[in-house]
Every structure is written in C-alpha cells, then in structure tokens.
Amino acid sequence: MHETSIALSILAAVEDAFKETPGAKRVTKIRLQVGMLSLVDPEALRFALRVVARDTPAQDAEIEIEMVKPRFRCLSCGYEWEPSDDDIKKISDDPQLSTLVHINPDVIVSYLVCPRCGSNNVEIVQGKGVIIHSIDIEVDDKDSSS
Ligand SMILES: [Zn+2]
C-alpha cells in the first residue's frame, strides 16, 4: 500500500523530468536507490510503478533498484556505523516496529544507541526513503515519419 504512494511520487518526478526534456519521446530507464530502513519491498515497488506508469511515457521504462544499507552517526562522539544484517532483520521481523519504520524511518533512532559511547543522540546518515538516482529519456531530435 505504502509502495503505491512512493511509486506515485516517483512517477511525478519522472514526468516532470520528461516535460523538461526537449523532444522527449519516452522514458527508457529509471534507477532507484531504496534505503533498507524504508523496508520497502523492491518487487512491490517495481510492480506499483508498473501499475501507476501505465499510459504514461514511462510505461515501458526499465526499472533498476539498488538497495542502500543504512548508516548511522552518533551526534555526541561522531562515530559512524552500519547495522549488521541481523540488526536489520530484527527490525523487519518485529511487526510493530517494522510498521513504524516503514511509515517513518526516523523513528528507528529512538531505538538506537551509539556502540562506542552509548549516547542515544543518533541520526540516520543514509538508508531511509527512496531516491531517484537517474532517469534515462529517449529524445527524438528529428521528427522523422519513417
Ligand atoms: Zn557516540
């Protein structure tokens, strides 16, 4: 369900880029970076994009999804770390926490402590949300009828 709203905002950005490209014919490729903390299912997102992009210039675009590992920073001592796959699994296996994080990844920081100094003053450096890395648009410069 959440994937559909993400897909819609991606599509809006793709359509904007399309409109701003002179002679744009169709969107050939969309590269996305999905933060693991968003707990977005890449296949569900791909499917949602296919559905919302129907009858748009992006309907046949290839969708490339790269998963981005989370990274945290302690604001007290400056230490940066990546959680292990087990830590991520712990979040996604907890139905209550995973729902919270799925909707708002920032809530995860209230469950984190710095592994070096024990401070809970922690921020997310990367790994939340979905980022459009690039959009490839096929351009037709000569209006050929052949
Ligand atoms: Zn620290």
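What you see is a predicted model; the values in this text were computed from it and never measured. Just so you know, ligand 1 is whichever comes first in the structure, and atom 1 is the first atom listed for that ligand.
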> Donor-acceptor pair, distance only, cut-off 3.5 Å: does the side chain of Thr28 make one with the backbone of Asp136?
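Yes; at least one donor-acceptor contact below 3.5 Å.
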
> Under the salt bridge (Lys or Arg N to Asp or Glu O under 4.0 Å) test against Lys90, which residue among Asp87, Asp94, Asp93 passes?
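Running salt bridge (Lys or Arg N to Asp or Glu O under 4.0 Å) over Asp87, Asp94, Asp93 with Lys90 returns exactly one hit, Asp87.
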
> Under the 3.5 angstrom rule, does the side chain of Arg46 hit a backbone N or O of Ile63 as a donor-acceptor pair?
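Flag set: sc Arg46 to bb Ile63 pair under 3.5 Å.
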
> To the nearest 0.5 Å, how far apart are CD in Glu15 and CD1 in Ile135?
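Separation between the atoms: 10.5 Å.
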
> Does the Glu82 side chain pair with the main chain of Phe72, one donor and one acceptor, at a distance under 3.5 Å?
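It does not hold such a pair.
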
> What count do you get for protein N/O/S atoms less than 2.8 Å from the Zn ion (ligand 1)?
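Total protein N/O/S atoms under 2.8 Å from the Zn ion (ligand 1): 4.
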
> Measure the spacing between CG of Leu37 and CG of Asn104 and express it to the nearest 0.5 Å.
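Rounded to the nearest 0.5 Å, the CG-CG separation comes to 11.0 Å.
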
